[in-house]
There are 2 protein chains.
Amino acid sequence: MTRATIKDVSRVAGVSIKTVSRVLNKERYVSDDMRQKVEEAVARLNYHPSLAARTLAGRRSFQIGLIHDNPSPYYIFNMQAGVGQRCREANFRMIIQPCDINSPGLVDDIGALIDQAQLDGIIMTPPVTDVGTALAELFRRKIPVVRVQPGTDLTATSAVYIDNVQAADDMTAYLISLGHRRIGLVTGHANYFASGQRLTGYRQALQRAGIGFDAALVFPGQFDFQSGAAAAEALLALPEPPTSIFASSDEMAAGVLAAAHRMGVSVPGQLSVAGFDDTDLAQVVWPSLTTIRQPIRDLGYAAADLLLEFGETIERRQLPHELIVRGSTAPPRPMAPGSSPG
Amino acid sequence: MTRATIKDVSRVAGVSIKTVSRVLNKERYVSDDMRQKVEEAVARLNYHPSLAARTLAGRRSFQIGLIHDNPSPYYIFNMQAGVGQRCREANFRMIIQPCDINSPGLVDDIGALIDQAQLDGIIMTPPVTDVGTALAELFRRKIPVVRVQPGTDLTATSAVYIDNVQAADDMTAYLISLGHRRIGLVTGHANYFASGQRLTGYRQALQRAGIGFDAALVFPGQFDFQSGAAAAEALLALPEPPTSIFASSDEMAAGVLAAAHRMGVSVPGQLSVAGFDDTDLAQVVWPSLTTIRQPIRDLGYAAADLLLEFGETIERRQLPHELIVRGSTAPPRPMAPGSSPG
DNA sequence: TTGTAGGCGTTATCAG
DNA sequence: CTGATAACGCCTACAA
């Protein structure tokens, strides 16, 4: 019992191979009569066309690649879920390719992937999106590319993104509206342009509110729990500690919470903590964390849509973000600007 | 500038196509002289063989499938990382196929995947591992299968697993050694055999310690945060609440922690909480949670090894688990059996 | 140890 | 609208 081929189908249906192919590929110029015969035969034989043969003979492979160098399981999972869903609907296959942006073999790896699998398109997530040599390789091969949240060469490829500057501005403005004047910021990993964008939004909101920027309140993080905790320890040990800390990711926000707890600082009584949800993590484990919700899965949908519908055409799509206030929204007790919490 | 083919390589190297093929496939009977010429040509042309052509002409596709219906990002991420790593080393491609075990199309979807991509093998994770109809389809196609933590038909396919019974026993015994006599258990989702196995281990340890089993202390969960919190609320509201709660997953343990906190029960002063780490989540966000560490990534390595090295041969491999006590290990203050915490 | 012929299952081209 | 036939790039058999 070997697999059914297009030949078997044509025999059973009593038509030529080419006609079967036409039906399969939804080409025009097929009579309903023929179409029906073919469809019956396909169903009866439980026939599935060989992707390998299709790829070899045709111009398309029905496969796209998702290239990432991102250590966050939640990010990757949601990205895959979004892109994968669209691929399934379009009868495409998604090939996952993790990579290492510091590896000297990066460009070769990407080239090999495209060559071997004859990919029809590529989706990239930060920070690979901003590696010039990798981008150059893709351009050389003239393969359609959609980048998620690219930081550089914004007009070079199709892209999907949210407005990080505005999102960080929103959160900062919200904290200011609660009465905060000294707001700490834990920035993200330097590899990610989003980190700088969020810093910009933070400064922007401060300036609009007439609050001076204090570099001492900005602490570098790496997007992970540890660095969030370290940042909070440093910030809370300042002579004039912040009354609120805005972490550029939720894992760091969790670190801030843990450190505050360890140091006996009550949240939100003495300290308000805010995060930036790349990951849906807050929904799962910190249901009370106020956060910017960035719809990673939606970014995946949008990226796949751009790739599958528009192909070579360069297209751009911005998605909305949401400021989500979860759990207690009670502001910390009001305090005079510059005073430290009790 | 079109892609290089094997023909181009043979021309540049000045040898026959077949000789190139031999070198590429590491066959014997090639002189070093030829080999070197070919390798040079390959490098110079930056040649990568077409997977489609290889698959079509040969017997193998160099692709394996990873089939899962599992909502845990951390589990999936680590599984993919493990399997993906091995695939890369062996020059195989990994195709991810999420599925829905309740979908009527499940069997057809799996069949279509195997047919279309001509997969060389399949790795499955729970709970798809235990869907009889899906397994039957795989057997019918005689495709090599490795299952991770299968609950049924244990000898039907290759498999990798940890001893869930022993792991739960270890944790329960540890809690008993701290002085606990009333230990709550939050079980896992009924779809997963591991849930039942962990219950068995729990009962086993109780019995060995001469502690009677109290069904009121066992509460059903779904492996997620919400059900962990709900379980803790119910357990802590008992007339004689437990002094310790063992949750069958770390997400549920987090829920337990959150509920305890909300109810004003101090941890670990009045309540010890333990988890079961399917997900590495504890490492990231609850560095102080005591947990059973289950090496998901290692399970991925082992599963891929079995598939790639042994193929059709049925092979079984058990991996060790670890009881990890993180953060404060101070036992809750000792109390008479049956007494409730202050 | 090396080379030649044929075919894998599909799509593209070009006649009917 | 439908049908022959030649690719597609590689591997398997067989021959030298």
Side-chain angles (χ1 to χ4, degrees), chain A residues 2-39 41-42 45-63 91-93 112 114-120, chain B residues 1-39 41-42 45-63 91 93 112 114-120:
Chain A
T2 171
R3 291 184 45 203
T5 73
I6 199 171
K7 214 167 175 178
D8 301 326
V9 176
S10 75
R11 199 175 305 132
V12 169
V15 302
S16 80
I17 289 183
K18 179 61 205 179
T19 301
V20 178
S21 174
R22 284 207 177 85
V23 174
L24 261 36
N25 292 299
K26 300 191 207 309
E27 289 176 27
R28 288 175 314 178
Y29 308 131
V30 189
S31 65
D32 289 349
D33 187 36
M34 290 273 167
R35 185 184 308 284
Q36 198 175 334
K37 274 198 236 165
V38 171
E39 278 166 355
V42 165
L45 293 174
N46 195 5
Y47 165 76
H48 299 289
S50 151
L51 244 174
R54 254 145 92 92
T55 303
L56 185 56
R59 232 167 237 84
R60 305 178 302 166
S61 68
F62 303 94
Q63 295 190 307
N91 246 302
F92 264 67
R93 200 125 304 180
I114 297 171
D115 272 358
Q116 291 192 328
Q118 268 137 279
L119 296 184
D120 293 340
Chain B
M1 192 215 74
T2 172
R3 291 185 45 203
T5 72
I6 199 171
K7 211 167 174 176
D8 301 327
V9 176
S10 74
R11 197 175 306 132
V12 169
V15 302
S16 79
I17 289 182
K18 178 59 205 180
T19 301
V20 178
S21 174
R22 284 207 176 85
V23 173
L24 260 37
N25 292 300
K26 302 191 205 310
E27 288 175 29
R28 291 174 312 176
Y29 307 131
V30 188
S31 64
D32 289 349
D33 186 36
M34 291 273 166
R35 184 183 309 283
Q36 197 174 337
K37 275 198 231 166
V38 171
E39 277 164 357
V42 165
L45 294 174
N46 197 2
Y47 165 75
H48 299 288
S50 152
L51 244 175
R54 258 146 86 93
T55 303
L56 187 55
R59 225 164 246 83
R60 304 180 302 166
S61 68
F62 302 94
Q63 295 190 309
N91 247 301
R93 199 126 306 180
I114 297 171
D115 271 358
Q116 292 193 329
Q118 269 138 275
L119 297 184
D120 293 340

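Predicted model, so just to flag it, every value in this text is computed and none were measured. Chain naming here is simple, since letters A, B, ... match the order of the sequence lines and numbering starts at 1 in each.
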To the nearest Å, how far apart are [X] [atom1] and [N] [atom2]?
X	N	atom1	atom2	value
B:Leu24	D:dG9	CG	C1'	12 Å
A:Leu51	C:dT10	CG	P	10 Å
B:Ile6	D:dT12	CD1	C1'	13 Å
B:Lys37	C:dT1	NZ	P	15 Å
B:Lys26	D:dC11	NZ	P	13 Å
B:Asp32	C:dT2	CG	C1'	15 Å
A:Ile17	C:dC8	CD1	P	11 Å
A:Gln36	D:dC1	CD	P	16 Å

request  = Compute the bend angle of the helix from C:dT1-D:dA16 to C:dG16-D:dC1 from the end axes (five pairs per end), rounded to 10°.
outcome  = 30°
inquiry  = Let me spell it out: for each of A:Lys18 and B:Ser16, pick the nucleotide of DNA chain C with the closest heavy atom. Which residue's pick is nearer the 5' end?
reply    = B:Ser16
query = Between B:Arg22 and B:Met34, is a side chain to side chain contact (heavy atoms under 4.5 Å, CB included) present by the stated rule, with each step listed?
reply = CA-CA 10 Å; B:Arg22 284 207 176 85; B:Met34 291 273 166; over 6 Å; no
Selected nucleotide, minimal atom distance to B:Thr19 side chain, candidates D:dT2, C:dT11, C:dT2 = C:dT2
query = Backbone N or O of A:Leu51 within a donor-acceptor pair of the A:Thr55 side chain at under 3.5 Å?
reply = yes
key: For A:Val12 against A:Ala41, the heavy-atom pair lying closest together   = CG1-CB, 3.7 Å
remark   = Between B:Ser61 and B:Leu119, the two heavy atoms sitting closest are OG-CA, 3.8 Å
ask   = Hey, can you pull the residues of residues 52-62 of chain A with a non-hydrogen atom under 4.0 angstrom from DNA chain D?
value = A:Leu56, A:Ala57
ask   = With side chains defined as the heavy atoms from C-beta onward, is the minimum distance between A:Ser50 and B:Gln116 less than 4.5 Å?
value = no
message = Within the 4.5 Å heavy-atom criterion, are B:Asp8 and B:Arg11 side-chain neighbours or not?
response = yes
First encountered from the 5' end of DNA chain D, between B:Ser50 and B:Arg22 = B:Ser50
query = OP1 or OP2 of D:dT2 less than 4.0 angstrom from a side-chain nitrogen or oxygen of A:Ser31, does that happen here?
reply = yes
task = Tell me whether the OP1 or OP2 atom of D:dC10 has a side-chain N or O from B:Ser21 closer than 4.0 Å.
result = no
request  = Rounded to the nearest 0.5 Å, what's the gap from CZ on A:Arg59 to CD on A:Gln118? Could you check?
outcome  = 12.5 Å
query = For B:Gln63, which residues count as a side chain to side chain donor-acceptor pair (under 3.5 Å) partner, sequence neighbours excluded?
reply = none
Criterion side chain to side chain contact (heavy atoms under 4.5 Å, CB included) on B:Asp115 and A:Tyr47, from CA distance to verdict = CA-CA 9 Å; B:Asp115 271 358; A:Tyr47 165 76; over 6 Å; no
